[in-house]
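Below: the structure, in structure tokens.
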Protein chains: 2
Amino acid sequence: MSRVQAAIDHAENSCKSRGVKLTNKRRQVLSGLLQSNKAKSAYELADYCKDKFGQKLPAMSVYRILEFLEEERLVHKLNLANKYIACSHITCDHDHGISQFLICANCQTVKEITVKKSTMNTLKRSVEGAGFDLVSPQMELNCLCHDCKNQAA
Amino acid sequence: MSRVQAAIDHAENSCKSRGVKLTNKRRQVLSGLLQSNKAKSAYELADYCKDKFGQKLPAMSVYRILEFLEEERLVHKLNLANKYIACSHITCDHDHGISQFLICANCQTVKEITVKKSTMNTLKRSVEGAGFDLVSPQMELNCLCHDCKNQAA
DNA sequence: GTTGCTGATGATACACCATATCATTTTTTC
DNA sequence: GAAAAAATGATATGGTGTATCATCAGCAAC
């Protein structure tokens, strides 16, 4: 079974156990995100669904679907790029730590990493010392992946 | 002399020594950013200039001016919020470290802090271990300032 | 001083991301 | 199978940003 199919099956079960429905359209959008490791915009996903499944999908619906998938913790929104990616831990059963996103500014490839708790705690203390609270310890870091870096060189 | 005026004078000298011109419009946009500590969008700055100086300023010009001010290291662009702020170190003569931005998700107040070098190095190593390079070690952190947090409570 | 160059600004059009609103369809539930 | 709820469609609009071409201001050289 493909990695994508495995993730979708997992998502299906997760939704069922939470009493919500992974409808056909929602599955299509999720698969669009799963089949690559690049971040995609809502409009790109609408195009993907039209091309791949032959069904026109209005942008409005894609946004609603992405919102649903976010609530179910199946996708993440990357505010830095205004794009979306599948959560890389869909198939994990265990609770996972806080994700940090490395976004390649050139090719949009995204890698989800976990930063050591102690580093995040240090950061948190700096922030609180300045009179602010982190809304979410999820950071988005503007990067270049090594492929793009080597190409540029 | 007001804090704003001091910063503008400093910017003026800095531009002169770099052989570029801080024109009237550029000064107006910069003053729009300096007179508050909130992040502002290009369009908000255009409105500000129109209201305050009675001169219509097309968005296109504001973007060009912001680009100029960024190159002169007088302002920062916050990609997370699609807004801009004046650099909080305009009036410093010394070179300063890498800035991290705390952005209040509610009121757009921005605080520019410096994180310890060792913390940033740890982060950098994590990123490089994942096959990416930081384009810029400038992070933008989605926060709530304590004022907004207390209001919400 | 006027010719021509350069840098700065204006005007217009357009692309992309996102949401508001109301209509329609599909699915549940009884 | 009718009423209620959930999901999706259609349309309009707003915010951010860029591409492109035109115009204007300052300045150098003759």
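Throughout, protein chains are lettered first and strands after them, A, B, ... in sequence-line order, and every chain is numbered starting at 1. Quick caveat: nothing in here was measured; it's all calculated off a predicted structure.
The interatomic distance linking A:Q55 (CD) with D:dT8 (P) rounds to 11 Å, in whole Å. As rounded to whole Å, 17 Å separates atom P of C:dG7 from atom CG of B:L22. Here D:dG14 presents its P atom at 14 Å from CG of B:D47, a figure rounded to the nearest Å. Distance B:L80 CG to D:dT16 C1': 15 Å, rounded to the nearest Å. A straight line from CG of B:L66 to C1' of C:dA8 spans 15 Å, rounded to a whole angstrom. Distance CD (B:E71) to P (C:dA8): 10 Å, rounded to an integer number of Å. Distance B:E72 CD to C:dG7 P: 14 Å, rounded to the nearest Å. Between the NZ atom of B:K50 and the P atom of C:dG10 there is a distance of 13 Å, rounded to whole Å.
Place B:A81 and A:K56 on DNA chain D by their nearest nucleotides, and A:K56 ends up nearer the 5' end. Positionally, the nearest nucleotide of DNA chain D for A:V20 lies more toward the 5' end than for the other of A:V20 and B:E44.
Closest approach of B:I90 to B:A11, counting heavy atoms only: CG2-N, 4.3 Å. The shortest heavy-atom contact between B:L57 and B:A46 is O-CB, 3.5 Å.
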Tell me which donor-acceptor pairs under 3.5 Å the side chains of residues 68-75 of chain A have, and how far apart each pair is, sequence neighbours excluded?
{"from": "A:E72", "atom 1": "OE1", "to": "A:R18", "atom 2": "NE", "distance (Å)": "2.4"}
{"from": "A:E72", "atom 1": "OE1", "to": "A:R18", "atom 2": "NH2", "distance (Å)": "3.3"}

List the atom pairs, with distances to 0.1 Å, where a side-chain N or O of residues 59-66 of chain A and a protein N or O form a donor-acceptor pair under 3.5 Å, not counting sequence neighbours.
none

Please table the atom pairs, donor to acceptor, closer than 3.5 Å between any side-chain atom in residues 127-143 of chain B and protein atoms at least two apart or in another chain.
{"from": "B:D133", "atom 1": "OD1", "to": "A:H146", "atom 2": "NE2", "distance (Å)": "3.3"}
{"from": "B:D133", "atom 1": "OD2", "to": "A:K149", "atom 2": "NZ", "distance (Å)": "2.8"}
{"from": "B:S136", "atom 1": "OG", "to": "B:Q138", "atom 2": "N", "distance (Å)": "2.9"}
{"from": "B:E140", "atom 1": "OE1", "to": "B:N79", "atom 2": "N", "distance (Å)": "3.0"}
{"from": "B:E140", "atom 1": "OE1", "to": "B:L80", "atom 2": "N", "distance (Å)": "2.6"}
{"from": "B:E140", "atom 1": "OE2", "to": "B:N79", "atom 2": "N", "distance (Å)": "2.9"}

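Every side-chain hydrogen bond (donor to acceptor under 3.5 Å, both in side chains) that B:S88 has, sequence neighbours left out, goes to B:E112. For A:E12, the side-chain hydrogen bond (donor to acceptor under 3.5 Å, both in side chains) partners are A:R27, not counting sequence neighbours. With sequence neighbours excluded, no residue satisfies side-chain hydrogen bond (donor to acceptor under 3.5 Å, both in side chains) with B:K77.
At a non-hydrogen distance threshold of 4.0 Å, A:K25, A:R26 from residues 24-31 of chain A come into contact with DNA chain D.
Taking side-chain N and O atoms only, A:T23 has no distance below 4.0 Å to OP1 or OP2 of D:dA7.
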**OP:** Starting at the 5' end of nucleotides 18-30 of chain C, put B wherever the base has a protein heavy atom under 4.0 Å, S where only the sugar-phosphate does, and a dash everywhere else.
**Re:** BBBB-----SS--
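Among residues at least two apart or in separate chains, side chain to side chain donor-acceptor pair (under 3.5 Å) pairs with a member in residues 30-50 of chain A are A:K38-A:T109.
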